[in-house]
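Quick notes on the structure that follows.
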Amino acid sequence: MKHTVTKHDMPRRQFVALSAVLGAGALLTGGAGKASAVQEGPSAGASCCPCPTDPNPPGGGQAPCPPSHLQPHCGSPTDTDPLWQDVQYCTQGIVPPSGQRPNCLKTMPNYVVLHGKPETQHNYLLLPSCRITGIECPFLVTTTAANYWHEAWENARRGGDVPVQFPDIGLGINSQTARHLNQLHIHMAGVRDSTQRRLQDLETAGRIAPQPSQWGDVQFQAPVTGADGTGDRTYRILRLSTLTQNLFDLLSLYVVRRFGLDMAGQTLIVVPKMTATGFADAFYILNSDSSLHDGTNTCDHLLVYN
């Protein structure tokens, strides 16, 4: 599902400065575990996370939403983006102006899960309950941001609450310029077995970075053939054993800031490693952008939606 952009790119220096202030070097550990049962539509008990204008929710604990001073970069709760309106319907029962109510497959304090388009059993979206436009939001690199990647995997995996019914799973987020809906959403979709084999072959050949600090090294950049028939794209590839670290922060620290890039221009894809016996306790983390030769700013080349 292809997405475009709003025209308010934050300059790289401003993003880096904000990231530094917000703690861009910190790692997020201890993401929330597997959530409970699926809810169909909004319920009396469903509620949104604290509004971004109130970064210190009652009862203490970490603030789950961007503070108000980041609204120019992360979006305002009064925005009318259709996906954000869908989130507000699921969390607060606010009917979108169009009157078209989304099918709220799962509603939790930190996120909701919806169908993607086209609507299949291997095409879902996980969206924050907070107002967060997309990958460019500097709040995402902080330790207070929820671990949306971990939650996406816990839902999409076999046995999850909203499982992706496909032999191999991929999770992906588009760059700001490759989307047209501006509420952060992680695609939960399929990937072809050829993609899975290619990544395992690259790992065997020593072409996948074993540490985040090596993610951008040239020897760990490799072409992967897309599922859409458009040929190879070049990705920076990292292997992690868990998704407990903040992937946005790792990307910012070891790729974006290292090479003087824009966070807004990045795509990020997670492919769980699978073998004949099932999940192999590892994740391939792929990143690309237009600065790479044959790079891409969209996850759509690798994910299977139809």
Side-chain angles (χ1 to χ4, degrees), residues 19 22-36 49 60-66 106 108-113 124-130 132 135 137-164 168-173 184-188 191 196 199-200 203 208-216 220 235-258 263 266-275 278-287 299:
S19 298
L22 291 169
L27 296 180
L28 174 63
T29 59
K34 185 177 182 299
S36 58
C49 67
Q62 293 183 322
C65 292
K106 184 172 180 180
M108 298 298 292
N110 285 331
Y111 67 88
V112 302
V113 178
Y124 303 102
L125 303 175
L126 184 141
L127 306 95
S129 298
C130 301
I132 299 176
I135 194 170
C137 173
F139 176 76
L140 291 171
V141 303
T142 69
T143 56
T144 52
N147 191 337
Y148 300 113
W149 292 98
H150 174 79
E151 299 293 5
W153 164 242
E154 285 296 304
N155 279 278
R157 65 177 178 81
R158 185 177 301 173
D161 284 341
V162 190
V164 172
D168 289 299
I169 297 172
L171 313 172
I173 187 171
L184 185 143
H185 50 285
I186 295 178
H187 294 268
M188 302 155 54
V191 296
Q196 180 73 229
L199 291 171
Q200 293 191 31
E203 182 179 13
I208 292 182
Q211 300 293 335
S213 60
Q214 299 172 289
W215 196 356
F220 304 124
Y235 299 89
R236 307 174 183 96
I237 311 175
L238 167 69
R239 183 188 185 276
L240 293 176
S241 58
T242 72
L243 294 181
T244 56
Q245 298 184 75
N246 184 337
L247 299 189
F248 294 112
D249 186 38
L250 296 183
L251 178 63
S252 173
L253 183 61
Y254 295 115
V255 176
V256 172
R257 295 167 64 186
R258 177 182 176 186
M263 193 71 166
Q266 306 303 307
T267 186
L268 191 57
I269 304 153
V270 174
V271 178
K273 182 178 180 179
M274 303 296 292
T275 66
F279 176 52
D281 295 320
F283 299 89
Y284 300 117
I285 318 298
L286 289 77
N287 158 253
C299 62

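Values in this document were obtained by computation on a predicted structure and should not be read as measured data.
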- Arg158 and Pro163, any side-chain heavy atoms less than 4.5 Å apart: no
- Sequence neighbours left out, what passes side-chain hydrogen bond (donor to acceptor under 3.5 Å, both in side chains) with Arg258? Give chain and number order. Asp217
- Item | Residues Val164, Tyr124; criterion side chain to side chain contact (heavy atoms under 4.5 Å, CB included); working and verdict | CA-CA 8 Å; Val164 172; Tyr124 303 102; 4.2 Å; yes
- Item | Those residues that, when tested against Gln196, pass side-chain hydrogen bond (donor to acceptor under 3.5 Å, both in side chains) (two or more places apart) | Asp168, Gln200
- Item | Inter-residue atom distance Leu286.CG - Leu171.CG, 0.5 Å rounding | 11.5 Å
- Message: Working note: Met263 + Phe248, criterion side chain to side chain contact (heavy atoms under 4.5 Å, CB included); need CA distance, chi angles, decisive distance, verdict.
- Response: CA-CA 9 Å; Met263 193 71 166; Phe248 294 112; 4.2 Å; yes
- Can you check whether Pro210 reaches Phe220 side chain to side chain, under 4.5 Å on heavy atoms? yes
- Query: Counting distance only, does the side-chain N/O of Asn287 pair as donor-acceptor with the main-chain N or O of Ile269 below 3.5 Å?
  - Reply: no
- Item | side chain to side chain contact (heavy atoms under 4.5 Å, CB included) assessment of Leu199 paired with Lys273 | CA-CA 8 Å; Leu199 291 171; Lys273 182 178 180 179; over 6 Å; no
- Query: Can you tell if the side chain of Leu240 reaches within under 4.5 Å of the side chain of Leu250, non-hydrogen atoms only?
  - Reply: yes
- Message: Using every non-hydrogen atom in the two residues, find where Phe279 and Pro272 come nearest and quote the distance to one decimal.
- Response: CE1-CB, 3.9 Å
- Non-hydrogen atoms of Asn110 and Tyr148 that approach each other most closely: O-CE2, 3.4 Å
- Message: Before you tell me yes or no, could you show the steps for Ile285 and Leu243 under side chain to side chain contact (heavy atoms under 4.5 Å, CB included), namely the whole-Å CA-CA distance, both residues' side-chain angles and the distance that decides it to 0.1 Å?
- Response: CA-CA 10 Å; Ile285 318 298; Leu243 294 181; 4.1 Å; yes
- Note on the structure: dist His185:NE2 -> Ile173:CD1 (nearest 0.5 Å) comes out at 7.5 Å
- Message: Within the 3.5 Å criterion, strictly below it, is a donor on Tyr111 or Asn155 matched to an acceptor on the partner's side chain?
- Response: yes
- Message: For the CE atom of Met274 and the CZ atom of Arg157, what is their distance to the nearest 0.5 Å?
- Response: 11.0 Å
- Query: So, Trp215 side chain and Ala209 main chain: donor-acceptor pair closer than 3.5 Å or not?
  - Reply: no
- Query: How long is the span from the CG atom in Asn147 to the CD atom in Glu154, to the nearest 0.5 Å?
  - Reply: 10.0 Å
- Query: Which pair of heavy atoms, one from Gln266 and one from Leu251, lies closest together, and at what distance?
  - Reply: CB-CD2, 3.8 Å
- Task: Please find out if less than 6.0 Å separates the ring center of Trp153 from that of Phe283.
- Result: yes
- Note on the structure: Nearest heavy-atom contact between Ile169 and Ala156 is CD1-O, 3.3 Å
- Query: Nearest heavy-atom pair of Thr267 and Cys299: which atoms, and what distance?
  - Reply: OG1-N, 3.1 Å
- Query: Just how far is it from atom CE of Met188 to atom CG of Leu125, taken to the nearest 0.5 Å?
  - Reply: 8.5 Å
- Side chain Asn246, main chain Thr143, donor-acceptor under 3.5 Å: no
- Item | Sole candidate of Leu140, Thr142, Thr144, Ile132 that passes side-chain contact (heavy atoms from CB on, under 4.5 Å) when paired with Pro66 | Ile132
